[in-house]
Protein chains: 2
Amino acid sequence: MDNIRKILDIKLLAQSFDIASTAVYPLANAQKIAQLYANLENGISVLSDLKTKKSYLYYGSMAERLGLECKQQEINSIWEDELLNLIHREDRLKKYNLELRFFKHLKSIGLTQRTDYQMISKLRIRTIEGKDMLLKHRLLYLSSSADGNIRLALCLYNIVYEHLGFDAPEGIIINTRTGDIVEDGDDQTQRKLSSREKEIILLIKQGKRTKEIANKLLLSIHTINRHRQNIFKKLEVNNAIEACRIAEVAGLI
Amino acid sequence: MDNIRKILDIKLLAQSFDIASTAVYPLANAQKIAQLYANLENGISVLSDLKTKKSYLYYGSMAERLGLECKQQEINSIWEDELLNLIHREDRLKKYNLELRFFKHLKSIGLTQRTDYQMISKLRIRTIEGKDMLLKHRLLYLSSSADGNIRLALCLYNIVYEHLGFDAPEGIIINTRTGDIVEDGDDQTQRKLSSREKEIILLIKQGKRTKEIANKLLLSIHTINRHRQNIFKKLEVNNAIEACRIAEVAGLI
């Protein structure tokens, strides 16, 4: 499994889902929406419930071109691997990266604004004849809990037509209300840890406490604490355990 | 009013709506779909019922950029003029022409295939600041009666994003199941009447009967009947009254 997907798993699934959702689109409603898109636009829709780690797949008739049977299915994963495995590896990685950026963006804005955003990307996918076809992939989050956690993700896949007038972006986050595009903040660079920070997170991972780390590195406890906070901020996590997991799967340590 | 829109009025509204619809999407359902698109994608959706000559407008929050209030409205017309009047005249004409081509295409195929098709066009529209903005317009027909008449049309309007990766075609008819594009058959040329045919339809318009026309033009009744049939075929109509109206509004006579 790709590292970036592991990070997504941690970020998406480590949310607390205890607080009741006041969702505009509760699960049953969201399932109907997903089904409607598949029927009306002949596309494929996947509704993933991050709380129960289940996905609901609706294959519109376009799925025939991918050799996927027209069907409705429930799987015990938030990853629709039967479909994802047909996507070109590079594009799949780009998609995961963009999904992470999208998730972070949504977490950084107000609850009511979240449904204004969509993520759009273009994917090469293998057809039943073994050829590459272009798919437009859209991701929307349909529901957030009152405490800010994101629960229902809707992925919509449609054909990109072979015509001069049609195109889909490589990958972008858009505001459908204003028409604005959310620029890439170059998260990879921001997440990069300094050599001192790497040293510290490795010691944290070994179970060392702040005082021990301070003694070992001949630094003050205050300095170690400041480094810890910077690491958490760069990795966008709240505790040492998450920090270690993210740093590891992202190949930062 | 544009001539092409008059033709559309004749073609769309002259259908018989007597036979009960066996629609997959009955009116109440189609209204929910229209509303959902407006809410979920912040776009504008217009559901037009050709039988009752009513339209149901759902303005998503993108409508604010056009100075249209966010609202839900029922109007006694199949034309959403408050919105259509903001569209650049050239693009509006292109849209009507394409809608006519789309309607003819759907009439030429089987009932069950109809929902596989969408029409997509790109429109310049005037924003509240007086600037041109690009809109993607999609048209789908949601219901046909058992005898082949098309009743519910769903128009969806969304922003085209100012980004290299985004584009919408000038105007095209697509099959969302197969990814095929329906080529333009150059209807204008096909519809062009010969000078003899023009002569005949002008006489028909004056109320002349076949025998009178034959006598006047020194032709046989058989020949006049053949010309009549050719005229009806070219104008895609079934009777002389419709033929006269179409030929007139299309500027063919």
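None of the values given here were measured: they were computed from a predicted structure. Letters A, B, ... are given to chains in the order of the sequence lines, protein chains preceding strands, and every chain is numbered from 1.
There is a side-chain donor-acceptor pair under 3.5 Å between Y59(B) and E82(B). Neither side chain, N149(B) nor K51(B), offers a donor N or O lying under 3.5 Å from an acceptor on the other.
A 6.0 Å sphere centred on NZ of K32(A) holds no more than 12 heavy atoms belonging to other residues, nucleotides or ligands.
Only the side chain of I120(B) comes within contact range of chain A, with at least one heavy atom under 4.5 Å from a heavy atom of that chain. Using a 4.5 Å cut-off between heavy atoms, L40(A) contacts chain B through both its backbone and its side chain. If you measure heavy-atom distances from N39(B) to chain A, the contacts under 4.5 Å come from both the backbone and the side chain. Interface residue E41(B): backbone and side-chain heavy atoms are both found under 4.5 Å from chain A.
Interface check for chain A: of the options I33(B), T176(B), N158(B), I159(B), the most heavy-atom pairs under 4.5 Å are formed by T176(B).
R124(A) places no side-chain N or O within donor-acceptor distance of the main-chain N or O of I87(A), the cut-off being under 3.5 Å.
Ion pair D116(B)/R177(B) flagged as a salt bridge, since at least one NZ, NE, NH1 or NH2 atom sits closer than 4.0 Å to an Asp/Glu carboxylate oxygen.
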